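Taking it in order: structure first as structure tokens, then the write-up.
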Amino acid sequence: ILVQQLVRCEVGMGMLRMRYRYQQGVTLVEVLVSMFLLGIAVIGFVALQVRALSATSESSYRSQAMSIAQDLSERMRANYGKIAKYRTANWTVMPTQDCYAVAPVCTADQMVDFDIRLAKEVASASLPSGDIVAKQCGGSSNICIYVSWGTTTTASNGAANACTTASGTYANGSPECVMLEVYNET
């Protein structure tokens with residue numbers, strides 16, 4: 001900001017001439033105000049970036065969870081005669097069946113255990129606190145695949161950290177899970 005200051009007046013040849021001296025620079029108050037405004041803008045930008053990163057990771061987890069659920073769905077489809085066993089299996093225990101090491105091939109029942117093992121391994125390796133289960137959908141006779149991560153569980157009882165309610169709808173809030181309705185075993 002330039003501030004004009006009248007230095008002196010000179011009279012010459014019948015004209016009044018004024019000489020001005022220009023002050024250059026800014027005042028301390030102007031600097032403080034501009035730094036304050038810049039600080040507010042930077043804080044807003046940082047908050048926006050943090051929210052964007054959070055949304056990106058949430059989207060990535062949802063995409064990965066849906067991919068895991070679709071993979072298990074395809075494995076169930078390939079072993080169609082044993083779909084009911086996927087629903088009744090004990091998903092809390094990690095099966096030890098390894099169909100890659102069995103010669104010549106696994107039976108259909110062994111393949112169910114192997115598919116459960118692979119799905120649980122992939123979910124726990126790909127998602128933070130990842131888990132997967134296939135069970136009867138709430139409010140339906142179909143089988144649903146639930147994949148959860150973070151603090152959400154694969155429960156469908158409407159509890160505080162459950163993926164879905166007993167009727168089969170997503171729990172209140174934003175549960176960290178996906179549900180994929182896949183087959184009717186009849």
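Small disclaimer: the values here were computed from a predicted structure and weren't measured.
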Strictly distance-based, threshold 3.5 Å: is any side-chain N or O of [X] a donor or acceptor partner for the main-chain N or O of [Y]?
X	Y	answer
Thr88	Ala84	yes
Thr56	Ala52	yes
Gln110	Thr107	yes

Stepwise side-chain contact (heavy atoms from CB on, under 4.5 Å) check, Asn79 with Tyr86: CA-CA 10 Å; Asn79 197 5; Tyr86 287 92; 3.6 Å; yes

If you look at every heavy atom in Ile68 and Ala123, which pair is closest and at what distance? CD1-CA, 3.8 Å

Does [X] reach the side chain of [Y], with side-chain heavy atoms less than 4.5 Å apart?
X	Y	value
Cys177	Tyr170	yes
Pro128	Tyr61	yes
Ile145	Ser73	yes
Asn142	Cys137	yes
Ile132	Leu72	yes
Arg87	Ile83	no
Asn161	Thr152	no
Ser129	Thr151	no

Could you work out, with side chain to side chain donor-acceptor pair (under 3.5 Å) as the rule, every residue matching Asp131, not counting sequence neighbours?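 Checked Asp131 against side chain to side chain donor-acceptor pair (under 3.5 Å); matches are Lys120.
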
Evaluate side-chain contact (heavy atoms from CB on, under 4.5 Å) for Thr96 paired with Arg117, printing each intermediate quantity in order. CA-CA 7 Å; Thr96 57; Arg117 175 182 168 197; 5.8 Å; no

Derivation of the side-chain contact (heavy atoms from CB on, under 4.5 Å) call for Arg62 and Glu176: CA-CA 8 Å; Arg62 284 197 183 282; Glu176 298 171 317; 5.7 Å; no

Going through the distances and angles, do Lys135 and Ile143 end up as a side-chain contact (heavy atoms from CB on, under 4.5 Å)? CA-CA 5 Å; Lys135 57 187 173 181; Ile143 296 175; over 6 Å; no

Considering only NZ, NE, NH1 and NH2 on the basic side and carboxylate oxygens on the acidic side, decide whether Asp71 and Arg75 come within less than 4.0 Å.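 Yes.
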
Taking atom CD of Glu181 and atom SG of Cys144, what is their separation to the nearest 0.5 Å?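 Going from the CD atom of Glu181 to the SG atom of Cys144 covers 4.5 Å.
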
